[in-house]
Amino acid sequence: MSGKKEEFIPFTPGKVNMYVCGITAYDVCHLGHARSAIVFDIIKRYLRYSGYDVTHVRNITDIDDKIIARSAQEGISTEEVAKKYTDEYYNDMELLGVSRADIEPNATDHIHEMVETIKGLIEKGYAYPVDGDVYFEVSRFSGYGKLSGKNIDDLKAGARVDIDERKRSPLDFALWKSSKEGEPFWESPWGKGRPGWHIECTAMSSKYLGTSFDIHGGGADLIFPHHENELAQSEAYSDEPFVKYWMHNGFITVDKEKMSKSLGNFFTIKEILSRYEPEVVRYFLLSAHYRSPIEFSDVQLNEAELSIDRYYTTVLRIDDFLQSESNIDRITSSAELEDIMSGFRHKFHNAMNDDFNTASALGIIFELIREVNRFLDSKPAGQRARDFVKQAYDLLAEIGGVLNIFNKTPEEWYRALMKVKKIDITEDDLLKKIDARQNARKNKDWSAADDIRNELAAKNIILEDKKDGTSWKIKVG
RNA sequence: GGCGACGUACCCAAGUGGUAAGGGAGGGGUCUGCAAAACCUCGAUUCAGCGGUUCGAAUCCGCUCGUCGCCUCCA
């Protein structure tokens with residue numbers, strides 16, 4: 001609310017109520033929608049990891065002008081439009097690995113609550129009906145503009161909206177819209193109509209989380225007018241502070257411009273997932289702070305892929321080492337690794353406690369990865385060394401789990417890459433070729449061995465020779 | 001026009017008063033049959049520019065330049 005970072009103190013100790021604006025179900029989702037979903041999913045996961053009991057509400061707007069337009073265009077009902085794109089949305093979210101919210105309310109299931117709220121606002125003098133519409137009178141609410149940092153006079157001066165003579169001020173916004181011929185409607189004290197966009201969040205958040213709750217999230221483009229209006233309605237209605245902490249994620253940009261429907265410069269989630277692993281998308285989005293704009297490009301996604309691969313390559317080494325059977329204890333100098341390990345959780349928590357600084361958290365992970373690799377390079381041996389490495393691995397897995405990345409085995413990662421990169425060789429055939437090459441190598445037939453390696457390299461498969469075998473990887477980046 | 005954000009190495013990106021995390025690319029090296037991976041090493045005396053505050057600033061203040069966003073639906 002202050003526009004600054006503040007210490008997080010929830011209304012009820014240990015309990016966090018968060019409401020995040022979902023989507024309007026009128027079209028397929030693009031990467032921008034994915035960012036919001038992923039960012040708040042990680043925020044929720046971290047809060048839970050930190051011991052909070054989190055209730056997460058994410059709404060779906062299933063009736064509005066765009067849905068009506070789409071319904072006319074596709075020749076199906078608004079319910080069918082909403083159903084179709086809601087299903088698509090949940091499907092995309094599942095593919096991306098975004099967890100479900102605890103409560104996922106639809107606007108049309110809460111018409112009654114909205115009507116009650118609107119009635120209350122009229123009674124209190126904050127809203128007025130005109131010809132079957134109901135408007136919120138912005139000038140009645142003294143705090144209007146406090147979220148977006150705007151003031152009413154500036155807004156009036158810069159108003160680009162068409163002037164509606166029936167409204168007392170151009171800034172007044174609709175709580176209820178009368179329905180035109182052929183449009184879907186619900187009965188109300190003001191006649192047949194449908195709710196305005198903002199009122200659903202007021203009605204549903206107070207129903208599920210109470211009139212005051214801790215966190216309200218959404219994309220930065222919702223700050224004005226959506227959240228400003230929500231705030232005005234809610235506080236006017238309840239006389240309570242609406243939300244303690246507003247959190248808005250930044251945009252995804254393409255050539256520095258906001259990715260958006262209207263500019264047409266968007267990439268759908270499906271398109272991207274046809275070329276990249278979901279984990280790559282998640283990593284990419286976590287590699288910048290959630291409030292910053294983040295530039296989308298294949299170069300960026302390739303770098304994310306490369307970073308993840310570095311992780312799994314290290315895990316592969318860790319696995320090899322843990323399976324080694326040497327009983328000779330040989331703990332090599334590990335002061336640096338011990339050092340990093342002992343401060344690791346603390347550093348991670350510091351990063352995340354500082355407004356969920358995931359980019360910094362990733363940096364910390366790679367510091368540990370480097371030290372683990374250094375330790376393994378120093379040729380340690382024995383059970384103590386194995387326990388030590390296992391500990392490091394568990395730390396990485398724990399933190400990866402919170403960020404919802406690094407949750408595969410290396411084998412799963414490479415198999416997934418094989419699929420997404422459409423490499424046309426079965427794992428069986430691949431292993432046979434590796435076998436054949438091992439034989440050649442045993443016979444010191446280097447040219448035959450190199451031929452096989454080159455042949456696989458042409459398919460973007462990389463072989464790594466190690467002491468006790470050869471492992472395969474998929475070329476990334 | 002009003003309001004706001006941002007500008008850190010070749011690229012991406014942390015860092016909001018104490019002397020520049022991390023990843024990628026690149027040069028050199030160790031290891032390897034050769035590779036790959038990994039590790040070591042080199043790489044911004046410097047944080048858009050100019051002033052100011054301070055013992056000390058990328059970090060605070062002012063101005064300039066540049067980019068973007070919101071003010072209309074938008075994650």
Side-chain angles (χ1 to χ4, degrees), chain A residues 3 5 20-24 26-27 29-40 64-66 69 145 148-151 153-162 171 197 217-226 228 248-253 256-263 266 283-284 287-289 291-295 297 299-300 302-310 313-314 316-317 347 351 354 357-367 369-378 441 444-447 449-450 453-454 457 462-467 470-473 475 477:
Chain A
K5 283 193 260 192
V20 181
C21 286
I23 55 148
T24 299
Y26 78 104
D27 204 349
C29 291
H30 64 244
L31 200 60
H33 300 96
R35 183 173 196 190
S36 175
I38 287 171
V39 159
F40 288 102
D64 96 318
D65 294 351
K66 288 193 297 278
S148 55
K150 300 182 186 302
N151 70 62
D153 295 335
D154 289 342
L155 284 167
K156 277 184 190 153
R160 290 190 280 170
V161 252
D162 292 334
L171 301 181
W197 176 32
D221 44 6
L222 296 182
I223 296 172
F224 193 90
H226 184 51
E228 191 69 60
H248 294 101
N249 62 275
F251 302 126
I252 292 181
T253 58
K256 298 276 181 194
E257 281 188 317
K258 178 185 173 185
M259 179 183 287
S260 73
K261 273 281 162 51
S262 44
L263 287 171
F266 61 89
Y283 185 98
F284 162 65
S287 69
H289 188 94
R291 277 187 279 105
S292 308
I294 185 167
E295 172 76 10
S297 71
V299 174
Q300 299 270 75
N302 288 342
E303 285 195 4
E305 196 174 74
L306 225 38
S307 296
I308 297 171
D309 195 64
R310 180 162 157 78
T313 300
T314 301
L316 214 51
R317 291 190 74 190
K347 282 168 91 174
D354 182 15
N357 195 334
T358 52
S360 177
L362 293 175
I364 293 160
I365 289 176
F366 282 100
E367 283 177 25
I369 286 178
R370 187 183 58 235
E371 286 310 325
V372 170
N373 275 316
R374 279 184 59 169
F375 182 68
L376 292 174
D377 276 357
S378 70
R441 289 183 71 216
K444 298 212 187 299
D445 184 353
W446 305 125
S447 78
D450 289 351
R453 187 168 64 197
N454 290 336
I462 297 170
L463 299 186
E464 287 186 15
D465 295 330
K466 296 183 247 186
K467 217 181 259 151
T470 293
S471 59
W472 60 275
K473 305 188 355 178
K475 187 173 185 305

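Within every chain, numbering begins at 1; the chains are lettered A, B, ... in the order of the sequence lines, protein sequences first and strands thereafter. Values below: every heavy atom of this structure, side chains too, minus hydrogens, waters and symmetry copies. Quick caveat: nothing in here was measured; it's all calculated off a predicted structure.
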Discussion item. Within 45 degrees of the ring normal and closer than 6.0 Å to the centroid, is that where the cationic atom of A:Lys261 sits relative to A:Tyr26?
Written reply: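 So A:Lys261 does make the cation-pi contact.
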Quick one: [X] [atom1] to [N] [atom2], roughly how many Å, whole number?
X	N	atom1	atom2	value
A:Ile252	B:G69	CD1	P	14 Å
A:Phe284	B:C11	CZ	C1'	14 Å
A:Lys475	B:A25	NZ	C1'	13 Å
A:Leu222	B:C71	CG	P	10 Å
A:Gln300	B:A25	CD	C1'	13 Å
A:Glu303	B:G26	CD	P	12 Å
A:Leu263	B:A75	CG	C1'	14 Å
A:Leu362	B:G15	CG	P	12 Å

Discussion item. Return whichever of A:His289 or A:Leu31 has its heavy-atom-nearest nucleotide of RNA chain B closer to the 5' end.
Written reply: A:His289
Practice prompt. Select from A:Thr253 and A:Phe224 the residue whose nearest nucleotide in RNA chain B is closer to the 5' end of that strand.
Written response: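 Taking each residue's closest nucleotide, the earlier one in sequence belongs to A:Thr253.
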Using the side-chain heavy atoms of [X], tell me which of these nucleotides is nearest: [options].
X	options	value
A:Lys66	B:A14, B:C73, B:C12	B:C73
A:Asp354	B:U16, B:A75, B:C3	B:U16
A:Lys150	B:G2, B:C12, B:G15	B:G2

Using the [atom1] atom in both, what is the distance from [N] to [M], to the nearest Å?
N	M	atom1	answer
B:G15	B:A9	C1'	15 Å
B:A44	B:G51	C1'	23 Å
B:C70	B:G18	P	35 Å
B:C11	B:U45	C1'	23 Å
B:A58	B:U8	P	15 Å
B:G23	B:C39	P	8 Å
B:G52	B:G56	P	12 Å
B:A25	B:G62	P	41 Å

Worksheet item: Under 4.0 Å: is that the gap between some side-chain N or O of A:Asn302 and OP1 or OP2 of B:G24?
Response: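 No, outside the criterion.
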Worksheet item: Any side-chain N or O of A:Lys256 less than 4.0 Å from the OP1 or OP2 oxygen of B:G66?
Response: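 A:Lys256 to B:G66 OP1/OP2: no side-chain N or O under 4.0 Å.
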Discussion item. Categorize A:Gly32 for me: base, sugar-phosphate, or nothing, with a 4.0 angstrom heavy-atom threshold over every strand shown.
Written reply: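 If one applies the 4.0 Å heavy-atom cut-off, A:Gly32 turns out to touch a base.
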Worksheet item: With a non-hydrogen cut-off below 4.0 angstrom, is A:Ala359 in contact with a base, only sugar-phosphate, or nothing?
Response: base
Item to complete: Apply salt bridge (Lys or Arg N to Asp or Glu O under 4.0 Å) to A:Asp445 and list each qualifying residue two or more places apart in sequence or on a separate chain.
Response: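 Salt bridge (Lys or Arg N to Asp or Glu O under 4.0 Å) check on A:Asp445 returns nothing, list empty.
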Worksheet entry | Donor-acceptor side-chain pairing of A:Asp354 and A:Asn357 below 3.5 angstrom | no
Discussion item. I'd like to check the side chain to side chain donor-acceptor pair (under 3.5 Å) partners of A:Lys466; sequence neighbours left out, ordered by chain and number.
Written reply: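 Counting only residues at least two positions away or on another chain, A:Lys466 forms a side chain to side chain donor-acceptor pair (under 3.5 Å) with A:Asp320, A:Ser471.
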Worksheet item: Should the pair A:Lys66-A:Asp27 be classified as a salt bridge under the 4.0 Å nitrogen-to-oxygen rule?
Response: no
Worksheet item: Quick one: do A:Asp377 and A:Arg317 make a salt bridge, cutoff under 4.0 Å?
Response: yes
Worksheet entry | A:Glu367 (side chain) and B:G22 (base): donor-acceptor pair under 3.5 Å | no
Item to complete: Would you check if the side chain of A:Arg441 reaches a backbone N or O of A:Ala449 as a donor-acceptor pair within less than 3.5 Å?
Response: no
Worksheet entry | Sugar-phosphate or base contact per nucleotide [nucleotides 31-43 of chain B; S, B, -; heavy atom under 4.0 Å] | --BBBBSBSS---
Worksheet entry | A:Leu263 side, atom CG; A:Thr253 side, atom OG1 - distance, nearest 0.5 Å |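 A:Leu263 atom CG to A:Thr253 atom OG1 measures 11.5 Å (nearest 0.5 Å).
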